[in-house]
Amino acid sequence: MSEEKDTPVTAPAAPSDFIRDIVAGHVAEKRYAGIVTRFPPEPNGYLHIGHAKSICLNFGIARENGGQCHLRMDDTNPTKEDVEYVESIMEDVHWLIDGWADHCLGFKPRGKLPTSQVVNGSEDFIQEAVNPLKSPGADLEPFFASDYFDQIYAYAVALIKKGKAYVCDLSPEDTDKYRGSPDKPGVESPFRNRSIEESLALFERMRAGEFPNGARVLRAKIDMSAPNVWLRDPVLYRIRHSDHHQTGNKWCIYPMYDFAHCLSDYIEGITHSICTLEFEVHRPLYDWILTELGLPRALPHQYEFARLSLGYTVMSKRKLLQLVQEKLVSGWDDPRMPTISGLRRRGVPASALRQFAANIGVTKFNSLTDVAVLEHAIREDLNRKSLRRFAVLRPLKLVLTNIPAGTSVPCEAVNNPEDPAAGTRTLDLTHEVYIDQEDFMEVPPPKYFRLRPGGEVRLKYACIIKCDSVVKDASGNVTELHCTADLETRASGSNTTKKVKGTIQWVSADKAVEAEVRLYDRLFNVAEPDDGDYKRHLNPNSLEIVRAKLEPSLAGVGKEERFQFERLGYFALDPKDSTPEAPVFNRTITLKDTWAKAPGK
RNA sequence: CGGGGUGUAGCUUAGCCUGGUAGAGCGCUACGUUCUGGACGUAGAGGUCGCGAGUUCGAAUCUCGCCACCCCGACCA
């Protein structure tokens with residue numbers, strides 16, 4: 001305890017985890033010239049909060065070690081990928097690392113391909129990184145695995161020449177059968193021992209487009225009886241007669257993930273190739289390919305960590321895509337989606353996501369993170385920087401009978417109690433104001449602090465009011481409250497010490513701004529919806545739209561601004577649907593609400 | 001019956017390498033401050049460190065054996 005006194009209070013706890021420990025060890029022993037990581041999404045969907053964890057890990061390690069993190073599109077399967085996704089990925093990554101790790105971002109000049117050099121008689125390929133901040137004005141783009149198709153092809157040829165790969169004519173079905181099962185060894189392909197020359201010629205013809213999809217593949221020659229099924233002569237190249245979003249119609253054979261990934265890492269000079277646990281069993285193959293090729297430079301190594309699982313949502317791209325395609329949500333960026341674009345649109349700051357990532361840590365343990373952890377990170381972030389404003393979501397008219405119509409009482413309100421520098425603003429108390437319907441109950445439950453017939457409550461920053469009478473319509477609904485204001489209980493009044501149990505927000509009726517407010521809740525109503533039929537757990541109340549009354553200062557605000565609507569939650573303009581004429585606010589998150597949990601409420 | 005991993009409070013985790021019977025954050029409870037049922041402050045509940053042996057004066061940490069759970073049999077990534 002006492003030795004902590006030298007630590008500055010402002011120093012954020014340095015993140016530490018088993019991967020960072022490994023990297024730190026390598027740095028200490030000067031194993032690499034520099035630390036280079038990479039974030040390699042496949043452009044077949046939008047990035048989600050699980051990817052955010054990976055981005056924070058990979059870019060975090062780069063920035064903590066003065067290294068680089070390459071953004072690379074892992075685009076080796078043209079039938080599943082699309083440029084729409086590469087664009088969204090770039091936007092999401094930029095947004096998440098902006099001002100934090102953008103100085104570590106590894107990009108490359110647009111269109112640039114790897115350079116080649118001969119080392120010890122064999123050809124070596126290198127693709128170097130350029131940082132956008134250090135090369136202002138340069139036309140840059142992310143790395144693409146597809147940029148290395150020529151090189152990967154050359155490596156495949158080299159493997160064939162070493163007798164370590166062969167062209168196999170087995171059908172996909174037979175390949176499957178020959179592979180055996182986890183507990184039964186596989187059977188060698190009848191094509192396994194064909195000559196190097198024949199494989200070379202066949203592979204060349206595969207490239208030339210002489211065979212249909214599925215007719216032949218290139219396979220590594222490893223061990224069909226290996227206990228690890230990924231070592232049973234895995235497919236390296238397959239025929240796919242389809243255009244690629246980056247390379248067009250240049251290729252009709254495409255490398256598999258396992259072959260392309262380790263080589264892409266090597267070509268880019270990656271030192272630490274960090275991925276999720278399910279790739280753990282691929283690591284021997286990753287290492288096999290690189291070592292069999294006898295590559296001259298330092299080899300990258302793969303490290304695995306547990307992917308993020310979050311309560312009350314689903315994380316698989318397939319399910320998220322399904323929600324989008326079946327219009328169960330408005331799109332990938334629907335504010336209820338766990339996508340980075342959805343969270344951003346909802347109003348979650350990038351800094352909150354980064355803090356969340358730091359809080360959950362990195363381990364190899366498959367765990368389910370409580371949404372409360374995410375929610376806490378968001379609230380903590382927003383609490384510090386949000387301007388406080390008054391808004392009434394479900395308006396109930398309140399007539400202050402002793403304040404004449406046409407007059408107003410100015411009230412000074414603080415903009416952010418967490419930040420005195422945010423200053424104050426003036427609210428006008430008038431004859432008619434709105435309060436929230438929920439802040440009045442005719443027959444309140446015990447411990448209800450707010451307004452009731454004959455009761456008193458404080459209108460925040462104004463004064464205490466007393467409810468004298470309740471006006472109802474023909475069907476018995478409360479339509480209006482008549483109250484008297486005790487102006488002496490204002491901050492400037494003579495009775496400032498009077499206490500009431502409840503304080504509520506209000507909006508002057510004649511100066512109110514009207515806006516649509518979208519109240520978002522969790523997308524699923526159970527913590528683990530992913531039980532086979534996840535759609536049955538969709539929360540039917542995940543979106544409620546209300547017409548709200550806002551205080552005048554909320555007119556014409558910017559889309560980047562964050563607000564706390566007092567007592568309600570954090571809100572921001574919807575960046576897509578909001579217009580100056582018809583503002584739309586999204587509720588990013590409610591305030592923590594202990595009253596909501598009260599029994600009997 | 002194969003291979004690869006993982007097990008520390010309700011949840012996420014630190015500690016394990018270099019043994020001295022556990023610390024944090026979230027969540028929860030109570031009290032206090034407050035013109036947000038927020039925020040802040042204080043106090044507190046909650047852990048047979050998966051189980052069982054062994055080594056040791058002493059084991060969450062070292063050894064062995066078990067158990068549970070996750071991943072692997074796409075020409076997906």
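In the text below, chain A, chain B and the rest are named by the order of the sequence lines, each starting its count at 1.
Residue A/T363 has its side chain nearest to B/rA14 when only B/rC76, B/rC26, B/rA14 are considered. Relative to the side chain of A/D183, the nucleotides B/rC75, B/rC1, B/rA39 differ in distance, and B/rC1 lies closest. For A/R567, whose side chain is taken as the heavy atoms from C-beta onward, the closest listed nucleotide among B/rG37, B/rC75, B/rC35 is B/rG37.
Within the shown strands, nothing qualifies as a pairing partner of B/rC16 under the Watson-Crick or G-U definition with both distances less than 3.5 Å. The base-pairing partner of B/rA60, taking Watson-Crick or G-U wobble contacts with both distances under 3.5 Å, does not exist among the strands shown. The nucleotide B/rA43 finds its pairing partner in B/rU29, both defining distances of the Watson-Crick or G-U wobble pair being shorter than 3.5 Å. Of all nucleotides present, only B/rU6 satisfies the Watson-Crick or G-U wobble test against B/rA68, with each distance under 3.5 Å.
Taking the C1' atoms as reference points, B/rU18 lies 15 Å from B/rA59, given to the whole Å. B/rU55 and B/rG19 have their C1' atoms separated by 11 Å, given to the nearest Å.
Closest heavy-atom contact between A/M256 and A/V235: CG-O, 3.3 Å. For the pair A/E29 and A/R31, the tightest heavy-atom approach, listed with the atom from each and the gap, is OE2-CD, 2.8 Å.
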Taking N or O atoms only and anything under 3.5 Å, show me the protein contacts with nucleotides 5-11 of chain B, one pair per line.
| residue | atom | partner | partner atom | Å |
| --- | --- | --- | --- | --- |
| B/rG5 | O2' | A/E280 | OE1 | 3.3 |
| B/rC11 | O3' | A/L368 | O | 3.1 |
| B/rC11 | O2' | A/L368 | O | 3.3 |
| B/rC11 | O2' | A/D370 | N | 3.4 |

Please list each protein N or O that sits under 3.5 Å from an N or O in nucleotides 46-48 of chain B, with the distance.
none

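No option in A/F149, A/Y148, A/Y237 other than A/F149 meets the ring pair (Phe, Tyr, Trp, His ring centres under 6.0 Å) test with A/Y254.
At the heavy-atom level, A/K317 lies nowhere under 4.0 Å from the strands shown.
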